Amino acid sequence: MNIKQIYMDANALLEGHFKLSSGNHSQFYLQSAKVLEDPKTAKLLADALALQIKESGLEVDTVCAPALGGLIAGFALAQALDVRSIFAERVNGEMSIRRGFEIKKGEKVLMCEDIITTGGSAMEAATVVKSLGGEIVGVAALANRGFCKRENSSVETKANCKLPQDIPFFALDDFTFEIYAAEVCPLCKDGSKAIKPGSRGN
Ligand code: ZN
């Protein structure tokens, strides 16, 4: 399965000259929500991710996703693994588990995101899961931005990766691309102008 091609076909991986929400510029833009808008594609990707996890022998009771980004990927992955699906959400900036979701002591929880950049949100949610008695057994994502080392990849962990090194991280592919401060952007130097992706209102 060519994951990047699936992203390209769904307009979830755009190539051009983009201004990111951080203000930095990039030649690529990754929007996993676009690849998940087709439930059949979501299932295809989640099944592939679940297969990796099953083959590793990892035992999972529950998938927990940080809202909003991880919701669809988390649900689809839980379905593929045939386990429970819950989510964490931010309330006044603090990640929390609400909606009556309960976590048993020692329950094996796999954190799931659509994209792992540094893994910050996933780890914030994981801290809450642990405080409720859950055991974090791994992290999963459809796409890895290349700052963290995942299973079955030679991409090395960068200094800003927030995922713990003692649990496995599963993702379908590495989407490693440079981002530039606007002042030093080589695409700007070549004379093109950065556009904001999703500038029609999202
Ligand atoms: Zn630029």
Side-chain angles (χ1 to χ4, degrees), residues 1-38 41-42 44-46 48-49 65-74 76-77 88-90 93-95 111-126 139-165 169-202:
M1 195 194 304
N2 186 334
I3 305 296
K4 287 197 179 74
Q5 193 60 52
I6 292 173
Y7 268 71
M8 290 274 201
D9 292 347
N11 289 324
L13 177 64
L14 305 177
E15 187 168 5
H17 181 189
F18 302 104
K19 184 175 181 183
L20 308 178
S21 51
S22 60
N24 292 319
H25 291 194
S26 173
Q27 190 181 354
F28 295 96
Y29 185 74
L30 188 60
Q31 175 55 276
S32 276
K34 278 295 288 176
V35 85
L36 295 170
E37 74 179 357
D38 178 0
T41 308
L44 188 77
L45 297 174
L49 190 55
L68 266 166
L71 282 184
I72 299 168
L77 180 61
E89 61 199 293
R90 270 185 212 288
E94 292 282 309
M95 204 60 95
M111 303 307 298
C112 182
E113 271 280 21
D114 55 350
I115 306 169
I116 287 288
T117 306
T118 62
S121 299
M123 283 305 100
E124 269 183 72
V139 178
L142 299 175
N144 176 31
R145 274 289 283 108
F147 297 103
C148 299
K149 178 167 173 49
R150 66 180 175 93
E151 301 294 302
N152 311 312
S153 171
S154 58
V155 169
E156 290 301 329
T157 297
K158 310 289 188 296
N160 54 356
C161 176
K162 296 192 174 75
L163 300 186
Q165 303 299 298
F169 166 38
F170 302 92
L172 293 172
D173 207 344
D174 301 309
F175 289 73
T176 307
F177 46 82
E178 297 291 329
I179 54 172
Y180 311 101
E183 312 81 72
V184 297
C185 173
L187 304 162
C188 285
K189 285 204 172 74
D190 287 346
S192 73
K193 192 166 164 15
I195 60 159
K196 258 191 140 77
S199 51
R200 285 177 298 171
N202 57 350

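Each ligand, and each atom within it, is numbered from 1 in the order the structure gives. Side chains included, hydrogens not; waters and symmetry mates left out as well; all remaining heavy atoms used. For this chain, numbers begin at 1 and follow the sequence in order. These numbers were taken from a predicted model, which means no experiment stands behind them.
Side-chain contact annotation: Ser153 with Asp174, donor-acceptor N/O pair under 3.5 Å present.
Paired with Leu142 under the rule side chain to side chain contact (heavy atoms under 4.5 Å, CB included), one option of Ile115, Leu30, Ile3, Leu45 passes, and it is Leu45.
Screening the protein for N, O or S atoms under 2.8 Å from the Zn ion (ligand 1) yields 4; no waters enter the count.
Lys19 places no side-chain N or O within donor-acceptor distance of the main-chain N or O of Asn24, the cut-off being under 3.5 Å. Between the side chain of Gln165 and the backbone N or O of Leu163 there is at least one donor-acceptor pair closer than 3.5 Å.
Here Glu178 pairs with Tyr180 under the side-chain contact (heavy atoms from CB on, under 4.5 Å) rule; sequence neighbours left out.
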Could you give me the CA-CA distance, side-chain angles and deciding distance for Arg90 and Glu124, then say whether salt bridge (charged side-chain N to carboxylate O under 4.0 Å, His left out) is met? CA-CA 10 Å; Arg90 270 185 212 288; Glu124 269 183 72; 2.7 Å; yes
